[in-house]
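Okay, structure first, notes after.
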Amino acid sequence: PLMWADDEQALWRDPAEIEEVMRPRNLRLEPNVRPSEIPVLGGLLRQLRIALHNLVLFYANQLASKQGEVNRVYGEWFLYLNEQLQFQREQIEFLREQMAELQAHLRQTEQS
């Protein structure tokens with residue numbers, strides 16, 4: 001699910017979700033041939049359908065394999081950018097805390 005950072009309104013994705021969609025099995029197709037209702041030719045038609053489906057699936061799965069590589073590269077970049085976003089948010093929070101401490105120290109110095 002999408003999550004929003006508290007104050008920066010920065011978009012963030014759960015790394016497990018990104019890793020899940022990167023898996024090649026998500027693009028894999030399987031044959032889905034229903035039996036024919038025709039009594040005499042039903043078996044022959046079913047075998048013909050299976051052969052045609054397998055031919056189409058062969059090329060579709062080749063394409064899916066190539067797309068899987070693209071998804072893997074994009075996924076790795078999303079994970080990297082997600083880590084950078086988290087790191088930058090931590091840095092910003094640290095700097096805010098330091099700035100608040102310095103401002104408090106400056107006020108105390110000015111009052112003295």
Side-chain angles (χ1 to χ4, degrees):
L2 295 175
M3 298 180 191
W4 293 94
D6 297 331
D7 51 346
E8 289 93 13
Q9 296 295 308
L11 193 57
W12 179 80
R13 279 225 178 247
D14 182 8
E17 184 180 334
I18 296 171
E19 290 168 353
E20 177 59 31
V21 297
M22 288 170 53
R23 298 188 195 293
R25 72 170 183 256
N26 292 325
L27 295 175
R28 205 81 190 137
L29 300 174
E30 299 295 330
N32 183 10
V33 179
R34 289 170 280 170
S36 176
E37 299 291 326
I38 302 173
V40 177
L41 298 174
L44 184 60
L45 285 175
R46 185 172 187 279
Q47 287 180 359
L48 180 62
R49 284 183 185 160
I50 289 172
L52 290 174
H53 280 235
N54 284 337
L55 179 63
V56 170
L57 289 177
F58 172 77
Y59 289 109
N61 283 329
Q62 277 189 335
L63 180 60
S65 174
K66 292 176 184 174
Q67 183 62 47
E69 284 299 309
V70 172
N71 291 358
R72 184 186 59 76
V73 170
Y74 284 165
E76 287 174 357
W77 272 104
F78 283 134
L79 290 170
Y80 170 76
L81 292 172
N82 213 27
E83 289 173 9
Q84 291 300 308
L85 174 63
Q86 184 62 31
F87 177 70
Q88 289 174 353
R89 289 182 66 210
E90 290 169 5
Q91 282 184 320
I92 290 169
E93 186 58 35
F94 174 74
L95 291 172
R96 282 183 179 157
E97 290 171 4
Q98 274 193 329
M99 195 164 75
E101 289 175 14
L102 289 172
Q103 287 173 338
H105 180 70
L106 181 61
R107 280 192 290 273
Q108 285 178 351
T109 305
E110 288 174 345
Q111 291 174 354
S112 310

Task: Near-ring test Tyr80/Trp77, centroid separation under 6.0 angstrom - done: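 Yes.
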Task: ILVMFWY network linking Tyr74 to Leu79, side-chain heavy atoms under 4.5 angstrom - done: yes
Would you compute the distance between atom [atom1] of [X] and atom [atom2] of [Y] and round it to the nearest 0.5 angstrom?
X: Leu102; Y: Arg107; atom1: CG; atom2: CZ; answer: 11.0 Å
X: Ile92; Y: Met99; atom1: CD1; atom2: CE; answer: 11.0 Å
X: His53; Y: Glu30; atom1: NE2; atom2: CD; answer: 13.5 Å
X: Gln67; Y: Asn61; atom1: CD; atom2: CG; answer: 13.0 Å
X: Leu57; Y: Gln62; atom1: CG; atom2: CD; answer: 12.0 Å

Task: Trace of the salt bridge (charged side-chain N to carboxylate O under 4.0 Å, His left out) decision for Arg23 with Glu19 - done: CA-CA 7 Å; Arg23 298 188 195 293; Glu19 290 168 353; 5.4 Å; no
TODO: Side-chain contact test, heavy atoms from C-beta onward, threshold under 4.5 Å: evaluate it for Ile50 versus Gln47 and give yes or no.
DONE: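 The answer is no, as the side chains (C-beta and beyond) never meet within the 4.5 Å cut-off.
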Task: Side-chain heavy-atom pair Arg46, Arg49 within 4.5 angstrom cut-off - done: no
Task: Check ion pair Glu69-Lys66 (N to O, under 4.0 angstrom) - done: no
- [ ] Would you mind checking if Arg89 and Glu93 are paired as a salt bridge, meaning a charged N to carboxylate O distance below 4.0 Å?
- [x]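 No salt bridge links Glu93 with Arg89.
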TODO: Measure from the side-chain N and O atoms of Thr109 to the backbone N and O of His105, and report whether any donor-acceptor pair falls under 3.5 Å.
DONE: yes
